[in-house]
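Model, not experiment: these values are computed from the prediction. Numbers here are sequence positions counted from 1.
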Amino acid sequence: MSQSTEKDVLAIIVKHGVTEGAEVTSRSTLKELGLDSLQAIEILFEIEEHFDVTLPDRDPDFDNNSVQGLIDSVDVALQAKAVPAAVEP
C-alpha cells in the first residue's frame, strides 16, 4: 500500500460527510464514520474516478468492512492496471 493511496482515499471519505468528530483511520468502518449507503456509493464512484480504476462490484458492509479494505481494493486495482494485458497468440 502506498501512503499516497491511503491519503487520497481518506481525503475522499472525509469529503463525503463523515460525522463531525469522527476520526477517519484505516481501521474505521463505514458505520463508525456515520456514512449511509448513498454516501458509500458516492465514495466508491469518486475513488474509481480519482484513480481511474474499476473496483469489484460488491455492496459495502457497513458493520465490518474497514477503510483499509477499501484501500487494499484500490491497490489491487492499481496493480492490475499496471500489468499489461496478456496478448494471446
Side-chain angles (χ1 to χ4, degrees):
M1 165 189 67
S2 80
Q3 293 293 340
S4 176
T5 301
E6 180 177 12
K7 183 180 120 226
D8 290 351
V9 169
L10 294 177
I12 290 169
I13 291 170
V14 168
K15 177 179 152 185
H16 281 275
V18 171
T19 302
E20 191 171 319
E23 182 181 348
V24 181
T25 68
S26 60
R27 293 184 312 242
S28 302
T29 66
L30 299 175
K31 183 177 181 179
E32 290 171 344
L33 297 174
L35 298 168
D36 63 29
S37 59
L38 179 58
Q39 290 169 310
I41 298 302
E42 290 172 345
I43 288 168
L44 292 175
F45 285 147
E46 185 168 340
I47 288 171
E48 287 181 330
E49 185 176 306
H50 178 81
F51 290 100
D52 191 27
V53 297
T54 301
L55 298 175
D57 289 334
R58 61 184 176 91
D59 291 327
D61 178 350
F62 284 87
D63 295 328
N64 299 315
N65 282 355
S66 68
V67 171
Q68 185 62 52
L70 185 54
I71 294 167
D72 293 343
S73 292
V74 171
D75 280 335
V76 168
L78 288 171
Q79 289 172 4
K81 181 179 164 183
V83 175
V87 178
E88 293 186 32

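Taking the side chain as every heavy atom from C-beta outward, Val67 and Thr25 never approach each other to under 4.5 Å.
Between Asp75 and Gln79, the side chains place no donor N or O within less than 3.5 Å of an acceptor N or O (distance only, hydrogens not considered).
Contacts of Lys81 classified as salt bridge (Lys or Arg N to Asp or Glu O under 4.0 Å), with partners at least two apart in sequence or in another chain: Asp52. Ser4 meets the side-chain contact (heavy atoms from CB on, under 4.5 Å) test with Ser2, Asp8; sequence neighbours excluded. For the side-chain contact (heavy atoms from CB on, under 4.5 Å) test, residues two or more places apart in sequence or in another chain that qualify with Val24 are Leu10, Ile13, Val14, Val18, Leu33. Listed by chain and number, the residues in a salt bridge (Lys or Arg N to Asp or Glu O under 4.0 Å) with Glu46 are Lys15 (sequence neighbours excluded).
Of all the heavy atoms in Asp36 and Leu38, the pair that sits closest is OD1-N, 3.1 Å. Phe51 approaches Val9 most closely through the heavy-atom pair CE1-CG2, 3.9 Å. Taking every heavy atom of both residues into account, Glu48 and Leu55 meet most closely at OE2-N, 2.8 Å. Contact detail for Thr54 and Ala77: the closest heavy-atom pair is O-CB, 4.2 Å.
Atom CG of Leu30 is separated from atom NE2 of His16 by 12.5 Å, given to the nearest 0.5 angstrom. From Ser66, atom OG reaches atom NZ of Lys31 across 15.5 Å, with rounding to the nearest 0.5 Å. From Leu70, atom CG reaches atom OG1 of Thr5 across 11.0 Å, with rounding to the nearest 0.5 Å.
Val76 and Phe45 fall into different hydrophobic clusters, where Ile, Leu, Val, Met, Phe, Trp and Tyr are joined by side-chain heavy atoms under 4.5 Å apart, directly or via other members.
Here the side chain of Glu6 pairs no donor or acceptor atom with the backbone of Gln3 at under 3.5 angstrom.
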